[in-house]
Chemist: 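This is the structure, below, for whatever I ask next.
Letters go in sequence order (proteins before strands), and every chain restarts at 1.
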Amino acid sequence: MIKVTLKDGSIKEYEKGTTILEAAKAISEGLARVALAGEVDGEVKDLSYKLEKDCKLNILTFDSEGGKHAYRHTTSHVMAQAVKRLYPEAKLAIGPAIENGFYYDFDVEKPFSPEDLSKIEEEMAQIIKEDYPLERFTLPRDEAIAFMEERNEPYKVELIRDLPEGEEISFYKQGDFVDLCAGPHIPSTGKIKAFKLLSVAGAYWRGNEKNKMLQRIYGTSFSKKSELDAYLFRLEEAKKRDHRKLGRELDLFDIYDEGPGFPFFLPKGMVLRNVLEDFWREEHKKRKYQEIRTPVILNEDLWHRSGHWDHYKENMYFTKIDEGNFAIKPMNCPGGMLVYKRRLHSYRDLPQRMAELGLVHRHELSGALHGLMRVRCFTQDDAHIFMTPEQIKDEVLGVIDLIDQFYSVFGFKYHVELSTRPEDSMGTDEQWEMATNALKDALEAKKMEYKINEGDGAFYGPKIDFHLEDSIGRTWQCGTIQLDFQMPERFDLVYIGADGERHRPVMIHRVVFGSIERFIAILTEHYAGAFPTWLAPVQVKILAILDKHHEYAYKVQKALEEKGIRTEIDIRNEKIGYKIREAQLEKIPYMLIIGDKETENGAVAVRSRKDGDLGAMSLEDFIEKIIKEIEMKA
RNA sequence: GCUGCUGUGGCUCAGCAGGUAGAGCAGCGCACUCGUAAUGCGCAGGUCACCGGUUCGAAUCCGGUCAGCAGCUCCA
């Protein structure tokens with residue numbers, strides 16, 4: 001007998017060799033019915049897995065990440081089986097479960113069309129109906145290769161060849177379909193209750209643009225039809241929050257054919273932007289940052305010196321002035337270097353925090369452009385911190401706190417990644433290790449969870465990246481903290497230490513918003529365009545009922561504007577319901593309705609965007625209320 | 001940049017298999033003076049992204065270019 005510790009801490013005894021499914025049945029029939037996989041000592045296994053020793057066991061259903069994962073992974077196998085039935089010449093690549101669904105990559109002569117997707121869906125339904133059990137088996141390496149060669153699956157052969165020696169090579173079989181797969185899977189195809197294929201797109205084999213482009217089909221599946229429908233509905237709803245749509249509707253910003261990737265900020269968008277920048281300046285002043293501004297165009301030699309020529313030229317724009325070669329800056333750091341170098345610094349002056357809202361231009365691939373999220377010119381809320389090596393940790397911690405404080409003001413959730421040395425980079429391994437460890441130490445001191453992004457650092461140093469989510473769950477890098485030993489050396493930056501000698505400072509590049517443009521895009525989607533009062537381009541709209549109320553309406557507007565409140569007034573000859581509807585669609589936080597009663601009493605009838613009619617109050621009370629709200633940034 | 005899809009008045013979309021464009025909203029004008037999400041009537045507005053080809057004739061078919069969307073790659 002073996003002792004199995006369950007999720008609730010209770011211990012059950014089973015015969016050695018009991019499967020997870022049998023163990024689940026012993027707990028309850030109901031549980032066994034919805035069981036999809038099991039977690040044994042932290043590893044996810046098939047339900048048919050035999051328990052051979054004392055262990056911790058957690059039965060996974062669709063409610064758990066592991067359960068969902070196995071369920072969707074099996075759905076992707078069903079899709080592959082359907083594709084092979086319909087298009088036998090299709091070669092299989094990889095087909096994992098991902099967040100919210102799954103995909104499978106195929107090498108086919110002719111790309112899939114939307115009609116093909118429907119056909120594949122029908123075939124999948126058939127396979128599910130036929131309810132094949134998924135059977136796992138393993139093969140020694142050479143047999144595994146021979147097996148896939150025989151089936152004419154070159155990508156699978158390549159995958160097997162790349163598996164480490166001695167690794168168990170497992171396969172899953174369902175009916176006539178067999179796939180190389182580590183698993184786990186759910187017990188049979190019939191368990192899949194609701195699925196849908198969502199899109200086709202090209203994807204490079206192994207994510208390398210030098211490789212062949214395969215056809216990737218994305219799909220998702222759920223344990224109930226209602227859950228699938230709810231998910232699809234959520235996707236539709238999320239599209240309405242798209243900042244590209246809202247930006248145009250709310251008159252904030254837009255991008256025209258005349259400037260692909262070069263956004264226009266319209267009057268209302270500028271108000272929002274300026275509020276953000278004001279807030280930014282205020283907070284940076286508190287933290288002893290100085291602000292500078294460096295030129296957009298600087299001569300080419302500077303970019304040779306900084307290393308950008310060697311490592312970043314592909315992303316840069318160049319121009320000529322008279323006979324000289326110039327570059328349009330893709331980053332602010334070289335300019336910042338020149339500012340630091342303008343005079344000799346003492347260790348007493350360090351750390352020096354130099355901030356710059358710098359407009360940079362980068363050549364992004366046309367296919368990468370995405371509204372304000374990915375553009376070809378953007379404003380970084382940059383800062384370069386020059387410091388002694390001893391100050392690194394405190395400075396990094398200070399920036400982490402600053403970013404966290406900013407994001408919490410907006411109620412953003414974020415995740416953090418640590419990016420390490422890329423292939424194309426400058427400096428010695430020792431410097432990189434030192435820098436990477438410094439960032440790690442800071443993250444660990446903060447007890448922050450982070451994911452390591454191998455080889456994704458900047459060419460001059462490793463970085464901590466802060467990622468925010470858009471309306472449909474895609475994440476975008478916003479804040480970043482980059483530690484740099486290279487630039488100070490390249491530019492021969494020095495400070496005079498307590499010993500009277502020259503020393504090399506270390507530098508941090510960091511942004512909080514990231515790019516103002518991207519941040520505004522995220523903000524717009526986060527609030528679905530209904531910005532909190534402190535950010536709203538128009539905070540109050542005054543709606544007069546009749547002509548005779550105009551005079552008082554203007555008086556109200558003047559009183560509000562004297563307090564710095566951003567207003568608009570609607571004195572058009574329209575019904576009040578019409579004006580309210582319009583202001584509501586413009587997502588203005590407060591409407592003040594001005595009619596006979598208000599004019600007589602010096603009052604305002606307040607309607608909030610969120611809560612509707614709030615009734616009448618005195619103008620003074622309203623001003624006090626809204627000012628408090630603005631100050632609270634609520 | 002790559003793969004697929006898309007491109008009709010400011011916006012959202014119709015326009016069957018080719019015979020030189022239509023609606024709603026927005027805009028403008030007129031009437032209505034009307035209290036919490038759309039008053040009525042009228043008017044104007046489009047080289048159907050651009051270039052070329054096929055055709056007696058193309059928004060509709062073909063090719064190219066540009067732009068957008070999804071994904072890949074890349075990144076703030």
Chemist: Mind calculating the distance between CG (A:L369) and C1' (B:C72) to the nearest angstrom?
Modeler: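 About 15 Å, once rounded to whole Å.
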Chemist: Looking at A:E249 and A:K245, is there a salt bridge between them, counting it only when a charged N and a carboxylate O are closer than 4.0 Å?
Modeler: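 Between A:E249 and A:K245 there is a salt bridge, with a charged N closer than 4.0 Å to a carboxylate O.
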Chemist: Answer yes if the ring centres of A:Y460 and A:H509 are under 6.0 angstrom apart, and no otherwise.
Modeler: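 Yes: the rings meet the under 6.0 Å criterion.
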Chemist: In this structure, how many angstroms lie between the C1' atom of B:A49 and the OH atom of A:Y256, rounded?
Modeler: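 These atoms are roughly 17 Å apart.
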Chemist: CZ of A:F102 versus C1' of B:G71: gap in Å, rounded?
Modeler: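 These atoms are roughly 15 Å apart.
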Chemist: Walk along nucleotides 1-12 of chain B from 5' to 3' and tag each nucleotide B, S or - by protein heavy-atom contact under 4.0 Å, base first, then sugar-phosphate.
Modeler: BBBS--------
Chemist: For B:U36, give the paired nucleotide (Watson-Crick: N1-N3 plus N6-O4 or O6-N4; G-U: N1-O2 and O6-N3; both under 3.5 Å), or none.
Modeler: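 Pairing partner, where one exists within any strand: none, as none qualifies.
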Chemist: Have a look at A:V360 and say if it touches a base, only the backbone sugar-phosphate, or nothing, with a 4.0 Å heavy-atom cut-off.
Modeler: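 Here A:V360 touches no strand at all.
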Chemist: Check for me whether the distance between the ring centres of A:Y104 and A:F106 falls short of 6.0 Å.
Modeler: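 Between A:F106 and A:Y104, which both carry aromatic rings, the centre distance is below 6.0 Å.
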Chemist: Whole Å only: how far is the NE2 atom of A:H308 from the P atom of B:A76?
Modeler: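 Those two atoms, NE2 and P, are 11 Å apart.
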Chemist: Determine, for A:R206 against A:D162, whether the closest basic-nitrogen to carboxylate-oxygen distance falls under 4.0 angstrom.
Modeler: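 Yes, A:R206 and A:D162 are salt-bridged.
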Chemist: CG of A:N453 versus C1' of B:U73: gap in Å, rounded?
Modeler: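 Taking atom C1' of B:U73 as the reference, CG of A:N453 is at 14 Å.
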Chemist: Within less than 4.0 Å of OP1 or OP2 of B:C75, is there a side-chain N or O belonging to A:Q477?
Modeler: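 Checking B:C75 against A:Q477, no side-chain N or O comes under 4.0 Å of OP1 or OP2.
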Chemist: When the C1' atoms of B:C2 and B:C43 are considered, how many whole Å apart are they?
Modeler: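 It works out to 49 Å between them.
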Chemist: Is it the case that over 12 heavy atoms from other parts of the model lie below 6.0 angstrom from the CD atom of A:E158?
Modeler: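 Enclosed: over 12 neighbouring heavy atoms sit under 6.0 Å from CD of A:E158.
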Chemist: Using both distances under 3.5 Å as the test, list the Watson-Crick or G-U wobble partner of B:G71, or none.
Modeler: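 WC or wobble partner is B:C2.
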Chemist: In B/S/- notation, 5' to 3', how is nucleotides 31-41 of chain B contacted by protein heavy atoms closer than 4.0 Å?
Modeler: -BBBBBBBB--
Chemist: Taking the minimum atom-to-atom distance to the side chain of A:T480, which one of B:A76, B:A70, B:A67 wins?
Modeler: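 Out of B:A76, B:A70, B:A67, the nucleotide with an atom closest to A:T480's side chain is B:A76.
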Chemist: Taking B:G68 as the reference, what is the distance to B:A31 when you measure between their C1' atoms (whole Å, please)?
Modeler: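 One C1' to the other, the span is 43 Å.
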Chemist: Which value, in whole Å, describes the distance between the P atoms of nucleotides B:G4 and B:G45?
Modeler: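 Roughly 41 Å separates the two P atoms.
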Chemist: What is the separation between atom CD1 on A:I464 and atom P on B:C75, rounded to the nearest whole Å?
Modeler: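 So the two atoms are 18 Å apart, to the nearest Å.
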Chemist: Taking all atoms of both residues into account, what is the closest heavy-atom pair of A:P263 and A:C377, and its distance?
Modeler: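 Residues A:P263 and A:C377, closest heavy atoms: CD-O, 4.0 Å.
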Chemist: By a strict heavy-atom criterion of less than 4.0 Å, which residues belonging to residues 403-427 of chain A are in contact with RNA chain B?
Modeler: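 None, since no heavy atom is under 4.0 Å.
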Chemist: Counting only N and O atoms by type, is there a donor-acceptor contact under 3.5 Å from the side chain of A:R293 to the main-chain atoms of A:L357?
Modeler: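 Yes, the answer is positive, given that a donor and an acceptor are paired below the 3.5 Å cut-off.
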Chemist: If you measure from the P atom in B:G24 to the same atom in B:G42, how many Å do you get, rounded?
Modeler: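 Per the computed distance, 10 Å lies between those P atoms.
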Chemist: If you take the centroid of each ring, where Trp contributes its six-membered ring, are A:W309 and A:F318 closer together than 6.0 Å?
Modeler: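 Yes, the ring of A:F318 comes within the 6.0 Å limit of the ring of A:W309, centre to centre.
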Chemist: Which part of the nucleic acid, if any, lies within reach of A:K210 when heavy atoms closer than 4.0 Å are counted: base, sugar-phosphate only, or nothing?
Modeler: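 A:K210: no heavy atom of the nucleic acid under 4.0 Å.
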Chemist: Considering only the P atoms, how many Å lie between B:C50 and B:C66, rounded to the nearest integer?
Modeler: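 It comes out at 16 Å once rounded to the nearest Å.
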Chemist: Could you give the distance separating B:U3 and B:U65 at their P atoms, to the nearest angstrom?
Modeler: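 The answer is 11 Å between these two P atoms.
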Chemist: Looking at every heavy atom in both A:V375 and A:F378, which two are closest together, and how far apart are they?
Modeler: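 Scanning both residues completely, I find the closest heavy atoms to be CG2-CB, 3.7 Å.
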Chemist: For A:R474, answer base if it contacts any base atom (sugar-phosphate contacts may also be present), sugar-phosphate if it contacts only those atoms, and nothing otherwise; contact means non-hydrogen atoms under 4.0 Å.
Modeler: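 Contact class for A:R474: sugar-phosphate only.
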Chemist: Under a 3.5 Å limit for both distances, which nucleotide forms a Watson-Crick or G-U wobble pair with B:G22, could you say?
Modeler: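 Matched B:G22 with B:C13 under the 3.5 Å cut-off.
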Chemist: State the pairing partner of B:A59; accept Watson-Crick or G-U wobble contacts with both distances under 3.5 Å, and report none otherwise.
Modeler: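 By the stated definition (distances under 3.5 Å), nothing pairs with B:A59.
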Chemist: If only atom types and distance count, is the side chain of A:T436 paired as donor or acceptor with the main-chain N or O of A:W432 below 3.5 Å?
Modeler: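 Judged by distance alone, yes, a pair lies under 3.5 Å.
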Chemist: Can you confirm whether more than 12 heavy atoms, excluding those of A:E99, are under 6.0 Å from its CD atom?
Modeler: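 12 or below, so no.
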Chemist: By the 4.0 Å heavy-atom rule, please label A:Y218 as base, sugar-phosphate, or nothing.
Modeler: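 Touches sugar-phosphate only.
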Chemist: What is the base-pairing partner of B:G29, counting Watson-Crick and G-U wobble geometry with both distances under 3.5 Å?
Modeler: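 Pair assignment: B:G29 / B:C41.
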Chemist: Mind checking who B:A49 pairs with, Watson-Crick or G-U wobble, both distances under 3.5 Å?
Modeler: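 By the stated definition (distances under 3.5 Å), B:U65 pairs with B:A49.
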Chemist: Using a cut-off of 6.0 Å, state whether more than 12 heavy atoms not belonging to A:K268 lie near its atom NZ.
Modeler: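 Counting other residues, nucleotides and ligands, NZ of A:K268 exceeds 12 neighbours.
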Chemist: Would you mind classifying the nucleic acid contact of A:R244 as base, sugar-phosphate or nothing, using non-hydrogen atoms under 4.0 angstrom?
Modeler: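 The answer is sugar-phosphate, as A:R244 gets under 4.0 Å only of primed atoms, P, OP1 or OP2.
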Chemist: For B:C74 and B:C62, measure between their P atoms and round to the nearest Å.
Modeler: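 35 Å, rounded to whole Å.
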Chemist: When the C1' atoms of B:G63 and B:A26 are compared, how many Å lie between them, rounded to an integer?
Modeler: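 Rounded to whole Å, the distance is 38 Å.
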Chemist: Could you state the CE-P distance from A:M373 to B:C69, rounded to the nearest angstrom?
Modeler: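 Those two atoms, CE and P, are 12 Å apart.
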Chemist: Taking the nucleotide of RNA chain B with the closest heavy atom to each, which residue, A:R216 or A:Q482, is nearer the 5' end?
Modeler: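 That would be A:R216.
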Chemist: What integer distance in Å separates A:L235:CG from B:C69:P?
Modeler: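 Atom CG in A:L235 sits about 17 Å away from atom P in B:C69.
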Chemist: Reckon A:H370 has a side-chain N or O less than 4.0 Å from the OP1 or OP2 of B:A70?
Modeler: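 For B:A70, OP1 or OP2 has a side-chain N or O of A:H370 closer than 4.0 Å.
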Chemist: Flag yes if more than 12 heavy atoms outside A:Y256 fall under 6.0 Å of its OH atom; otherwise flag no.
Modeler: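 Yes, enclosed.
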Chemist: Side chain of A:Q477, backbone of A:H467: donor and acceptor closer than 3.5 Å?
Modeler: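 A pair under 3.5 Å: no.
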